[in-house]
Amino acid sequence: MTDLTKLTLAGARDALKKKEFTSLELTDAYLGAIEAATPLNTYVTVTADQAREMAKASDLKLGKGQGGALEGLPLGIKDLFATKGVLTTACSHILDGFKPPYESQVTQNLWHDGAVMLGKLNNDEFAMGSSNETSFYGPVVNPWRRNGDTTKIVPGGSSGGSSAAVAAKLCLAATATDTGGSIRQPAAFTGTVGIKPTYGRCSRWGVVAFASSLDQAGPIARDVRDAAIMLRSMAGYDDKDSTSVDRPVPDYEASLGQSLKGLRVGIPKEYRVDGMPAEIDALWTRGIEWLKAAGAEIVDVSLPHTKYALPTYYIVAPAECSSNLARYDGVRYGLRVPGKDITDMYEKTRAAGFGTEVRRRVLIGTYVLSAGYYDAYYLKAQQVRTLIARDFTEAYAKCDVLLTPTAPSAAFGIGEKTADPLSMYLNDVFTVTVNLAGLPGISVPAGLSSDGLPLGLQLIGKTFDEETLFRVAYALEEAAQFKAEPAVWWRS
Amino acid sequence: MRNREPRNEDLIKGMTGDWEIVLGLEVHAQVTSNAKLFSGASAAFGAEPNTQVSLVDAALPGMLPVINRYCVEQAVKTGLGLKAQINLRSIFDRKNYFYPDLPQGYQISQFKHPIVGEGEIVIDLAGGRSEIVGIERLHLEQDAGKSIHDLGPSVSHVDLNRSGVALMEIVSKPDMRSADEAKAYVTKLRTILRYLGTCDGNMEEGSLRADVNVSVRRPGGPLGTRCEIKNVNSIRFIGQAIEYEARRQIEILEEGGKINQETRLFDPKAGETRSMRSKEEAHDYRYFPDPDLLPLEIVQADVDAIKASLPELPDDKKARLIAEYGLSPYDATVLVGEKATADFYEAVAKGRDAKLASNWVTVELFGALNREGHSIETSPVSAEHLGKLIDLISDNTISGRIAKQIFESMYKTGGDPAEIVEKEGLRQVTDTGAIEAAIDAVIAANPDKVAQAKEKPSLAGWFVGQVMKSTSGKANPQVVNEILARKLGLSSDG
């Protein structure tokens, strides 16, 4: 038998239906690949027994010609998603030993459609990071390396476990979350496809919260079709999440291959930032040419408040996180470091339980919400956020979708940026605007950097217009013909 | 804040002159609702610790609040009952602080944009006086859990049953000027809430608690610095706490000191307030809009529908009782204090002598209920039976005196007065022949008294007493009077 892990999600789906192999065989292939890939540190928990049980149950259904849209397909789950009875820590020490008595709605949707859980994927602690180096369980290593160089490269973050696992074929696809670029940037860094849908498209119920007004779940997958299949199963209204939106989930796969004739693609001039590598600029230009050749009309647009997006994001997100993370106090679950009184216990627990980046953001957030600073920081940031969203509304009067680079550079080496949080934050410069405006965005692999690392292009859509995103992403994928794969160096 | 001329009776005489108390109250009223404000868990009182706690109440990772629409309706209803502005758009904020009984590390409350704005309450005071107290706002918020410190020497425990229960915080304007007014305010607010069915007003179970803001000033002068007395849980304690706190502040000021703005606690055992935390120690709550919840939008049509369904409120009921039954404002005020009492009264008074009914309800029935520790809901005497008793008086079947005797029997047995009259043979004797015979017997037995009575007509009362005694009180007193007067030759007409 050929290596089953080579198949895409769609390919495996079709092959299972045709009974070319069983879900258990497929699942075992992945469990074997995971076991052989420990140097990548993608999985923090492997649920092998559970995976096999789920696969067997799927095989019974498939045998009867039944089963859901993802029947028998093995997936990786970002550790931010609560999984019933399975360790869920958001890769933080403070959630030591926490096994939720509940299943997140998004993963529940996947199991409902028949998917198989391989395990929990590494991520930046509480999804705070752009390189997956803040995880309590250590950094994830990108399967990609620079040409002729063994330097360990970051897989992006915060969904670095998801992106690396998909790129290294340690799952068919993975769930991820995106608060400021945490799906799209890791996808760009690993040559995978990642889509952050419109805010409200996927339920946040049971997803460990980082910044509630920005957090949104989405998939990372090998190609656009797989991402479309995944999102259809993940998305949907949930009355347990007050910010969830009640509208039907379309068949995203059906929009793939549709013509771009008459479609207007906006190019925001503010995304041509100072110091951006020439190869990113060149990639962007290539993307424009591809879409033009596919029949789209290219229009120049302006998003004048773009330059305020990062500072705005780094006020809003920490403010919300400082409050969201207050529940990790050592009283009810997770880590508790005893103290001489309650305040001492709080301080010791939170000092020991949170890593540097989380503590930094909790402190920033506490500061910007404090009496006397609220108006100057948080309130101002919310006003700017409104202006950023309005930029997009005005741009969409002239175009249907926007094309930008996903990140201002290719993936960097582990440890290269950890000492300088500001240069790390700059990674999110093209992605945070999308979260601030609540829009959908997708990253598609479009080429390699001069030293052989993947680069991605981002498409930003109108609210709840994921269908157009998938349609254009598919065209981009067709044109880019990105076939490169990382050399398999990690197998023990 | 209303401008009010200081009343002499309200002023406190200090060493250096008169002082005026200025009071504002924040009342926390638990919303009557089966479920909590943002989770489906039960909000019932008295369950075993930590048995009414959902994943949301315990703030597990990834749990999200969903507004309980019924609690919103209850808040709107209360706002309408307080004749207040209803805000069609309000916002839930997070009030951040750490405490073991606050699982989320923040309380979801409403800070800048409450669901209910300004309104007012008419309070009823001694001597038929009434005052208007302004309502500043009403907002919805979650209750915290309960810390229990006495189960072990070195550890505390937390009961999260209350965690997430819906509260309405009702904030008054600083319009009250005496402990009596503050007590009357809470009494009236409680009555309105109970009429509306939006809070059971049970202060013992903590369904209603008040934070009292107290300051003193020279009569009509500029406002003084206030202290907030937290969580006072009975109307009596509210009065005591205010009296103590006002005198404490006056003493400090008269000795040349100044008041520190602070939060204080009332100790009912010692009858005093004690400092809890100063302004400097106050939390910085870092309020910001809760990103898990959208702004709360309600539509005018729903507000109108709630308005149309409001019950008759105490002030309207009082006015109607005065107009319809000719009651005194005092009696009407007493009767509308509880809706059940007013309903009872109306059931008794309907088609009967309203004044007589009022006396029987407020004097006889209330007296017995108070003595026996019963409430109107648990009264052994039903409105129907009390009405029947009044009918028996009105149609002369029994005398007022016998009626009291029957009432006691009714209270003991819950029996029907007509049956008691028949069974115990208590029907009033109006048969003049029988009464005349009884009178003749008394006259015949007391010739000396008859002679004296001719000199001293007031002695007739003695004869009435003897006749009533010999008839076991059943003789119609009016008939006895008439015949006696004639027989003793005392009648005015000869």
Side-chain angles (χ1 to χ4, degrees), chain A residues 80-82 88-90 92 95 98 100-102 104-105 126 200 203-209 211-215 238-244 316 319-320 322-334 342-343 345-347 350 365-374 378-379 382, chain B residues 38-40 50 53-69 91-108 111-112 144-145 147 149 154-160 163 279 282-297:
Chain A
L80 230 60
F81 293 83
T88 299
T89 67
S92 177
L95 273 167
F98 180 68
Y102 50 93
S104 85
Q105 189 57 49
F126 284 108
S203 169
R204 292 185 299 113
W205 193 87
V207 182
V208 177
S212 312
S213 74
L214 302 161
D215 295 346
D238 179 6
D239 61 9
K240 301 187 299 306
D241 174 0
S242 307
T243 61
S244 168
V316 173
E320 293 181 10
S322 73
S323 177
N324 281 337
L325 269 56
R327 64 188 57 197
Y328 308 110
D329 58 5
V331 173
R332 296 169 313 286
Y333 49 79
I342 184 73
T343 305
M345 189 277 276
Y346 285 153
E347 290 176 359
R350 289 168 64 83
T366 303
Y367 180 81
V368 299
L369 289 175
S370 296
Y373 299 99
Y374 180 89
Y378 186 78
L379 195 64
Q382 289 294 13
Chain B
F38 295 111
S39 85
N50 295 315
V53 187
S54 75
L55 301 171
V56 175
D57 306 326
L60 269 72
M63 290 301 102
L64 299 170
V66 176
I67 186 72
N68 176 342
R69 280 273 158 185
I91 289 173
F92 285 105
D93 296 284
R94 292 185 182 177
K95 178 180 179 179
N96 296 282
Y97 65 97
F98 284 93
Y99 205 69
D101 63 20
L102 189 73
Q104 297 167 133
Y106 54 85
Q107 176 195 34
I108 305 178
F111 184 51
K112 280 190 188 152
S147 292
H149 300 295
S154 61
V155 288
S156 291
H157 293 76
V158 179
D159 175 7
L160 293 180
S163 169
K279 192 186 175 190
H283 297 291
D284 179 352
Y285 290 120
R286 292 171 282 124
Y287 282 101
F288 76 107
D290 191 330
D292 286 332
L293 292 159
L294 302 173
L296 180 59
E297 311 260 7

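Below, chain A is the first sequence line, B the second, and so on; all start at residue 1. Keep in mind it's a predicted model, so treat the numbers as computed, not measured.
Across every non-hydrogen atom of B:Phe288 and A:Ala319, the tightest pair is CZ-O, 4.2 Å.
To the nearest 0.5 angstrom, B:Phe98 atom CZ is 10.5 Å from A:Ile342 atom CD1. Rounding to the nearest 0.5 Å gives a distance of 8.5 Å between CH2 of A:Trp205 and CG of B:Leu64.
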> What's the verdict on side chain to side chain contact (heavy atoms under 4.5 Å, CB included) for B:Arg94 and A:Asn324, showing C-alpha distance, side-chain angles and the deciding distance?
Replying inline: CA-CA 10 Å; B:Arg94 292 185 182 177; A:Asn324 281 337; 2.8 Å; yes
>> Assess the residue pair A:Tyr378 and B:Arg286 against the criterion (side chain to side chain contact (heavy atoms under 4.5 Å, CB included)); give the C-alpha distance rounded to whole Å, side-chain angles, the decisive distance to 0.1 Å, and a yes or no.
In response: CA-CA 10 Å; A:Tyr378 186 78; B:Arg286 292 171 282 124; over 6 Å; no
>> Is there a side chain to side chain contact (heavy atoms under 4.5 Å, CB included) between A:Thr243 and B:Leu294? Walk through the geometry before answering.
In response: CA-CA 7 Å; A:Thr243 61; B:Leu294 302 173; 4.2 Å; yes
>> B:Val56 vs A:Lys240, test: side chain to side chain contact (heavy atoms under 4.5 Å, CB included). Steps then yes/no.
In response: CA-CA 10 Å; B:Val56 175; A:Lys240 301 187 299 306; over 6 Å; no
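The candidate with the highest count of non-hydrogen atom pairs below 4.5 Å against chain B, out of A:Thr366, A:Asp329, A:Val331, is A:Thr366. Your options are B:Gly40, B:Ala59, B:Gly105, and the one with the most heavy-atom pairs under 4.5 Å with chain A is B:Ala59. Between chain B and the options A:Phe81, A:Phe98, A:Tyr373, heavy-atom pairs under 4.5 Å are most frequent for A:Phe98. Highest contact tally toward chain A, considering only B:Leu293, B:Val66, B:Leu60, B:Asn96, is held by B:Leu60 [criterion: heavy-atom pairs under 4.5 Å].
Judged purely by atom type and a 3.5 angstrom limit, A:Arg332 uses its side chain to pair as donor or acceptor with the backbone of B:Pro103.
Of the atoms belonging to B:Asp284, it is side-chain heavy atoms, and not backbone ones, that fall under 4.5 Å from chain A. Neither the backbone nor the side chain of A:Asp215 comes within less than 4.5 Å of any heavy atom of chain B. Contacts of A:Thr343 with chain B are absent, with no heavy-atom separation under 4.5 Å from either backbone or side chain. With a threshold of 4.5 angstrom between heavy atoms, A:Ala90 does not approach chain B through any atom at all. With a 4.5 Å cut-off on non-hydrogen atoms, A:Leu95 touches chain B through its side chain but not through its backbone. Within the 4.5 angstrom heavy-atom criterion, only backbone atoms of B:Tyr287 (N, CA, C, O) approach chain A.
A side-chain donor from one of B:Tyr106 and A:Arg327 sits under 3.5 Å from a side-chain acceptor of the other.
Counting heavy atoms from C-beta outward, A:Ser242 and B:Asp292 have side chains that stay 4.5 Å or more apart.
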